[in-house]
There are 2 protein chains.
Amino acid sequence: MFRGSFEHSVDSKGRVSVPSRFREIITDRYEGKLVLTMDFDRCITVYPLEEWERVEEKIKSLPQMQKEVKDFMRTVFSTASECELDKQGRILIPPQLRERAGLNKSVMVVGIIHKLEIWDRHAWDSRSTQSGDEIGAVLSSLGL
Amino acid sequence: MFRGSFEHSVDSKGRVSVPSRFREIITDRYEGKLVLTMDFDRCITVYPLEEWERVEEKIKSLPQMQKEVKDFMRTVFSTASECELDKQGRILIPPQLRERAGLNKSVMVVGIIHKLEIWDRHAWDSRSTQSGDEIGAVLSSLGL
DNA sequence: CCGGCATACGGTACTATTGGGGAACGAACG
DNA sequence: CGTTCGTTCCCCAATAGTACCGTATGCCGG
């Protein structure tokens, strides 16, 4: 599955090329279909469609008439955007997402198990890095 | 299914062009037949006819005597209007709905699983947007 | 140092959206 | 009954956004 991080660039048309290691997984296991969404206003998450549909299933089980749920769904689905890899293995980032994630020329593409994250390079660097203690706490709570 | 949001415009004749991604689904899976109604949140909902019939089934199972239910049904059915895509892939919004949703030139077309919503651009923007934390809370309660 | 792979870039073709003109239809009116 | 007006649809053209292609550039291993 997806592991590791890569520094790539956004071209003048707003496209980011997917690292070739990830590309293989996406085309072989997932038929090349992807869904992009916002994650907490700071980075863009990229799910293979199949994985995203699992998220949708859970959302569908919520009470649809409830106001908070309707608002939640509007927010989540309005930022979602389907796309496929182009023949050069790139994806087009919708301007809306590009802007909200503050993407400049240089971005990080990070693989996290079943999804990818796309960060502005600067935001990624200045991301509050967890202290060794915090990481140790999580690891030990997992019994590692 | 339907996901993502697109900024489109209402032309001088009150038509809105349906995003091509949605158009494909509507013509391929649903024979192009649609039902438009008012939603209570100042937007217009667009159901494929087949999905709308499912909504009607649910409404029929509500307690018909209750005042709120009767009011609800009056609002929903009186504004409901069937339509199809024209040859350019647009839908004509009845003036009644256009006015009640406060549509100006610029609108958002949002895909939410099995239906679309059409919002005035300004109303959409000023809709109380949930913070990332709130969304995160809902997501984590879903185990995502 | 060279060959192979992967990413970056720029030009061109294509598709989608938008807008306006005119025909067809129906309702209202004289 | 015929005319007029308004509405809706179809068609064509202009624009802008997206996808594809070929090529340049940089990195790594041999």
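In this text, all values refer to a predicted model and were calculated from it rather than measured experimentally. Letters go in sequence order (proteins before strands), and every chain restarts at 1.
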- request: Please collect all salt bridge (charged side-chain N to carboxylate O under 4.0 Å, His left out) contacts where either partner lies in residues 69-79 of chain B, sequence neighbours excluded, each pair once.
  value: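 Those involving residues 69-79 of chain B are B:K67-B:D71, B:D71-B:R74.
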message: Enumerate the salt bridge (charged side-chain N to carboxylate O under 4.0 Å, His left out) contacts for residues 27-38 of chain B, please, sequence neighbours excluded, ordered by first and then second residue.
response: B:K33-B:E84
Could you state the atom-to-atom distance from [atom1] of [X] to [atom2] of [N] in whole Å?
X: A:L85; N: D:dC20; atom1: CG; atom2: P; value: 11 Å
X: B:L92; N: D:dG6; atom1: CG; atom2: P; value: 17 Å
X: B:K87; N: C:dA24; atom1: NZ; atom2: P; value: 14 Å
X: B:E7; N: C:dT18; atom1: CD; atom2: C1'; value: 13 Å
X: A:D86; N: C:dC9; atom1: CG; atom2: P; value: 15 Å

query: Near DNA chain D, under 4.0 Å by heavy atom, which residues of residues 99-117 of chain B?
result: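 Those residues whose heavy atoms fall under 4.0 Å from DNA chain D, taken from residues 99-117 of chain B, amount to none.
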message: Please give me every residue in residues 12-28 of chain A whose heavy atoms get under 4.0 Å of an atom in DNA chain D, ordered by residue number.
response: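 Of all residues in residues 12-28 of chain A, the ones placing a heavy atom under 4.0 Å from DNA chain D are A:K13, A:R15.
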query: Excluding sequence neighbours, so at least two apart, what forms side chain to side chain contact (heavy atoms under 4.5 Å, CB included) with B:E68?
result: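 Result, side chain to side chain contact (heavy atoms under 4.5 Å, CB included) vs B:E68: B:Q66.
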Polar atoms only, N or O, under 3.5 Å: list the protein pairs with nucleotides 12-16 of chain D and their distances.
none

statement: For A:L92, the other hydrophobic cluster members (4.5 Å side-chain criterion, sorted by chain and number) are none
- request: State whether B:E117 and B:K115 are salt-bridged, where the test is any N-O pair (Lys NZ or Arg NE/NH1/NH2 against Asp/Glu carboxylate O) under 4.0 Å.
  value: yes
- prompt: So, A:D39 side chain and A:C43 main chain: donor-acceptor pair closer than 3.5 Å or not?
  reply: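 Not confirmed, A:D39 side chain does not pair with A:C43 backbone.
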Helical bend (five base pairs per end, nearest 10°) for the helix from C:dC1-D:dG30 to C:dG30-D:dC1: 10°
field: Partner set under salt bridge (charged side-chain N to carboxylate O under 4.0 Å, His left out) for B:E50, not counting sequence neighbours
entry: B:R54
field: Within residues 101-113 of chain A or reaching into it, pairs that qualify as side chain to side chain donor-acceptor pair (under 3.5 Å) - sequence neighbours excluded
entry: A:E7-A:S106
message: According to ring pair (Phe, Tyr, Trp, His ring centres under 6.0 Å), who are the partners of B:F2, at least two apart in sequence or on a separate chain?
response: B:F22
Using the 3.5 Å cut-off, write out each protein N or O paired with an N or O of nucleotides 24-30 of chain D and the distance between them.
none

